[in-house]
Colleague: 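Here you go, one structure.
The sequence lines fix the lettering, A, B, ..., with proteins before strands; numbering per chain opens at 1. Keep in mind that the numbers below use all heavy atoms, side chains included, and drop hydrogens, waters and symmetry copies. None of the values given here were measured: they were computed from a predicted structure.
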There are 2 protein chains.
Amino acid sequence: MRSENQPVSQKERSFIETARRAQIMDAAVETIAEVGFARASLARIARRAGISKGVISYHFAGKEELMEQIVIAVYTDIGENVAGGLHGVESVTEMVRVNTTRVAEYMRGHRSSLRALGEIFLNLRGADGEPHYGMHTNEPLYQPLEDAFRRGQESGELRDFDTRVMAISYQSALDAMFGYWALNPEWDLTAHAEQVSDLFVRAIRAEAPRDAPTPHRSSRDRHDPPPDPAEGGTA
Amino acid sequence: MRSENQPVSQKERSFIETARRAQIMDAAVETIAEVGFARASLARIARRAGISKGVISYHFAGKEELMEQIVIAVYTDIGENVAGGLHGVESVTEMVRVNTTRVAEYMRGHRSSLRALGEIFLNLRGADGEPHYGMHTNEPLYQPLEDAFRRGQESGELRDFDTRVMAISYQSALDAMFGYWALNPEWDLTAHAEQVSDLFVRAIRAEAPRDAPTPHRSSRDRHDPPPDPAEGGTA
DNA sequence: TGATTTTCTGACCGCATGGCCAGAATTTAA
DNA sequence: TTAAATTCTGGCCATGCGGTCAGAAAATCA
């Protein structure tokens with residue numbers, strides 16, 4: 001019955017309703033991660049949850065709301081687990097490193113969520129046929145990145161570049177990293193993240209002063225190369 | 001009637017059939033670019049082309065073949081227009097610049113094709129529900145990139161890095177560039193391409209003559225990973 | 001010209017989907 | 001215990017899809 005979001009002021013959600021919503025969302029995530037968005041029908045999700053199809057309609061306004069709630073839940077969780085660790089890091093290059101590795105580490109423990117989120121982003125469309133998510137959804141991701149880049153540029157830590165382009169490129173590298181790993185479970189995500197960190201640190205840092213030594217990282221804190229690379233089936 | 005590909009040896013394709021196939025493919029591209037894959041039904045495509053739905057079934061084995069043919073046609077065109085200009089460029093960093101700007105320039109003149117291709121990649125699935133295209137489809141793109149990177153590493157022009165990760169990241173930056181531009185027509189694609197070029201040139205070039213060059217390691221010469229037939233085109 | 005093949009039309013089919021609902025089952029309240 | 005509210009079931013529905021088909025129309029051939 002309850003279907004709209006509950007801005008805290010509404011009637012409390014009953015215990016059963018809370019549990020059911022969580023259960024359904026879990027089943028939906030697993031189903032989508034397993035068979036893809038296109039095949040994740042309400043019937044299939046319900047079957048996986050061991051309930052009747054109507055229950056979903058009862059607890060959610062529709063498939064759309066169910067998907068939106070999943071996205072919110074996953075995003076919230078990511079934010080709590082990743083963004084938190086960035087406080088206290090003053091160097092922007094270090095921030096890039098920390099963010100990259102942390103988000104990778106988080107995803108390693110949440111493959112289903114990652115896959116489901118990707119599927120929803122790519123496939124969910126409203127009644128009008130327009131996608132719910134897309135490039136524009138990344139705006140909240142770009143903003144903080146741009147802020148950090150700009151700060152680094154002002155402090156002289158970073159060279160001059162277009163912060164928006166850099167934010168887009170960096171975010172896309174992360175997305176591609178996850179995409180590749182999602183497709184290729186053996187892939188060493190951690191090593192990949194290290195490489196991406198290096199890549200972008202070099203891309204953003206200020207030119208090395210002519211004679212002063214650059215602050216590059218010594219090779220000792222570099223990780224091992226991806227021990228398990230992929231080379232796709234085709235070719 | 002003719003539906004399979006024509007390996008040149010088969011009966012000639014009639015004038016009408018050739019024209020119709022082209023017309024239908026054009027209409028499909030326009031329709032997909034305009035309303036997205038999900039809403040680009042055969043009926044809608046036919047309506048746009050001003051023909052009956054059955055004509056599509058008559059000239060193509062099914063929606064799947066139609067989409068595949070579109071992808072082939074667009075890819076072929078891109079290959080002819082972009083890849084060609086890379087001969088004679090010896091420096092790998094220069095190659096990155098040229099490739100980036102050329103492909104951007106090409107896309108500026110083919111927005112519909114770009115959008116349609118993206119939609120097809122993301123959405124086309126076979127009867128079994130598995131995506132036809134996805135990250136693994138990028139393999140033909142990664143290979144030449146990796147080759148170039150490796151060459152640059154061997155010549156000392158480029159620093160040591162994982163060529164596969166770099167190829168993935170670079171390609172994703174291009175994809176994101178087009179995605180952003182597709183969403184945001186006012187965006188200065190050319191300037192964006194310049195920035196991406198700078199970004200990756202800095203990321204790949206050898207260190208200033210600081211340390212002795214390190215041995216490279218690329219994922220290429222390691223074992224073979226499963227292309228993970230699983231599913232889901234997260235991308 | 002008439003005969004034959006190619007091309008096209010518009011109606012139709014089976015299927016899967018998301019959503020709906022009447023009523024049954026269960027929980028909560030009195 | 002009884003009454004009321006909540007929760008759940010299973011079947012039903014309209015929709016839109018890709019694909020098929022018999023026959024009309026058009027092009028080609030003789």
Side-chain angles (χ1 to χ4, degrees), chain A residues 1-4 6 10-24 27-28 31-32 35-70 119-120 123-129 132, chain B residues 1-4 6 10-24 27-28 31-32 35-70 119-120 123-129 132:
Chain A
M1 212 149 261
R2 195 80 328 91
S3 62
E4 304 300 328
Q6 302 269 103
Q10 295 278 56
K11 248 175 292 185
E12 289 286 310
R13 202 165 262 160
S14 80
F15 171 77
I16 288 183
E17 182 153 15
T18 304
R20 273 283 191 242
R21 284 176 66 102
Q23 178 200 20
I24 292 168
T31 305
I32 294 171
V35 305
F37 184 92
R39 297 207 137 189
S41 65
L42 292 185
R44 200 188 274 251
I45 293 170
R47 200 184 323 138
R48 176 163 205 128
I51 57 179
S52 169
K53 198 180 57 161
V55 187
I56 299 179
S57 296
Y58 178 75
H59 288 289
F60 293 89
K63 195 180 191 181
E64 218 168 315
E65 197 217 338
L66 171 56
M67 296 301 160
E68 288 166 358
Q69 293 300 319
I70 290 174
E119 286 283 323
I120 294 173
N123 293 293
L124 185 60
R125 296 177 185 240
D128 55 357
H132 265 53
Chain B
M1 210 150 258
R2 197 78 327 90
S3 61
E4 304 300 328
Q6 302 269 101
Q10 295 278 55
K11 248 174 294 186
E12 290 285 311
R13 203 164 262 160
S14 79
F15 171 78
I16 288 183
E17 181 154 14
T18 304
R20 274 281 190 243
R21 283 176 68 102
Q23 178 200 19
I24 291 168
T31 304
I32 294 171
V35 305
F37 184 92
R39 297 208 137 190
S41 63
L42 292 185
R44 199 187 274 251
I45 293 170
R47 201 184 321 138
R48 176 162 206 129
I51 57 179
S52 170
K53 199 178 56 162
V55 186
I56 299 180
S57 297
Y58 179 73
H59 289 289
F60 292 90
K63 194 181 192 182
E64 218 166 316
E65 197 216 338
L66 171 56
M67 297 301 159
E68 287 166 358
Q69 293 300 320
I70 291 173
E119 287 282 323
I120 294 173
N123 293 292
L124 186 61
R125 302 186 178 232
D128 55 356
H132 266 53

Colleague: Looking at residues at least two apart in the chain, or sitting in another chain, which of them share a salt bridge (Lys or Arg N to Asp or Glu O under 4.0 Å) with Glu119(B)?
Modeller: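 For Glu119(B), the residues satisfying salt bridge (Lys or Arg N to Asp or Glu O under 4.0 Å) (neighbours in sequence not counted) are Arg125(A), Arg115(B).
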
Colleague: What is the distance, rounded to the nearest whole Å, between atom CZ of Arg20(B) and atom C1' of dT9(C)?
Modeller: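 To the nearest whole Å, that distance equals 11 Å.
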
Colleague: Could you state the atom-to-atom distance from CD1 of Ile51(A) to P of dT6(D) in whole Å?
Modeller: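 Checked: the CD1 to P distance equals 19 Å.
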
Colleague: Check Ala40(A) against Thr31(A) and note the closest heavy-atom contact, atom names and distance.
Modeller: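 Heavy atoms only, the tightest pair is CB-CG2, 3.9 Å.
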
Colleague: In whole angstrom, give the distance that lies between atom OH of Tyr58(B) and atom P of dA25(D).
Modeller: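 Computing the Tyr58(B):OH to dA25(D):P distance gives 17 Å.
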
Colleague: Rounded off to whole Å, could you give me the CZ-to-C1' distance for the Arg125(A) and dG18(C) pair?
Modeller: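 From Arg125(A) CZ to dG18(C) C1': 17 Å.
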
Colleague: If I take atom CZ in residue Arg21(A) and atom P in nucleotide dT7(D), what distance separates them, rounded to the nearest angstrom?
Modeller: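 Whole-Å distance recorded here is 12 Å.
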
Colleague: Within less than 4.0 Å of OP1 or OP2 of dC8(C), is there a side-chain N or O belonging to His59(B)?
Modeller: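 It does, given that an N or O in the side chain of His59(B) lies less than 4.0 Å from OP1 or OP2 of dC8(C).
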
Colleague: Distance check needed: dC17(D) C1' versus Arg47(B) CZ, whole Å only.
Modeller: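 Roughly 13 Å, once rounded to whole Å.
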
Colleague: Nearest 0.5 Å, please: how far is CD1 in Ile70(A) from CZ in Arg21(A)?
Modeller: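 Reported value, rounded in 0.5 Å steps: 10.5 Å.
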
Colleague: Using the salt bridge (Lys or Arg N to Asp or Glu O under 4.0 Å) rule, collect all pairs that involve residues 53-64 of chain B, keeping only residues at least two apart or in two chains.
Modeller: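 Counting only pairs at least two positions apart or across chains, no salt bridge (Lys or Arg N to Asp or Glu O under 4.0 Å) contact touches residues 53-64 of chain B.
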
Colleague: Would you compute the distance between atom CD1 of Ile24(B) and atom CD of Gln69(B) and round it to the nearest 0.5 angstrom?
Modeller: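 Going from CD1 on Ile24(B) over to CD on Gln69(B), the span is 11.5 Å.
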
Colleague: Rounded to 10°, tell me the angle between the two end axes of the helix from dT1(C)-dA30(D) to dA30(C)-dT1(D), each built from five pairs.
Modeller: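 That helix gives 0° between its end axes.
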
Colleague: List for me each residue that meets salt bridge (Lys or Arg N to Asp or Glu O under 4.0 Å) alongside Arg48(A), sequence neighbours excluded, and say none if there are none.
Modeller: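 Salt bridge (Lys or Arg N to Asp or Glu O under 4.0 Å) check on Arg48(A) returns Glu34(A).
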
Colleague: What residues, two or more places apart in sequence or in another chain, satisfy salt bridge (Lys or Arg N to Asp or Glu O under 4.0 Å) together with Arg39(B)?
Modeller: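 Arg39(B) satisfies salt bridge (Lys or Arg N to Asp or Glu O under 4.0 Å) with no residue once adjacent residues are dropped.
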
Colleague: Which residues pass the side-chain contact (heavy atoms from CB on, under 4.5 Å) test with Ala22(A), not counting sequence neighbours?
Modeller: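 In terms of side-chain contact (heavy atoms from CB on, under 4.5 Å), with neighbours along the sequence ignored, Ala22(A) is linked to no residue.
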
Colleague: For Leu124(A) and dG18(C), what is the distance between atoms CG and P respectively, to the nearest whole Å?
Modeller: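 Taking CG of Leu124(A) and P of dG18(C), I get 11 Å after rounding.
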
Colleague: Roughly how many Å is it from CD1 in Ile56(A) to C1' in dG10(D), rounded to a whole number?
Modeller: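 Atom CD1 in Ile56(A) sits about 14 Å away from atom C1' in dG10(D).
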
Colleague: Once side-chain contact (heavy atoms from CB on, under 4.5 Å) is applied, do any residues pair with Arg47(A), and if so which ones, sequence neighbours excluded?
Modeller: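 Residues passing side-chain contact (heavy atoms from CB on, under 4.5 Å) with Arg47(A): Arg44(A).
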
Colleague: Using a cut-off of under 3.5 Å, enumerate the N/O to N/O pairs linking the protein to nucleotides 10-17 of chain C.
Modeller:
unit_1	atom_1	unit_2	atom_2	d
dG10(C)	N7	Ser52(B)	OG	3.0

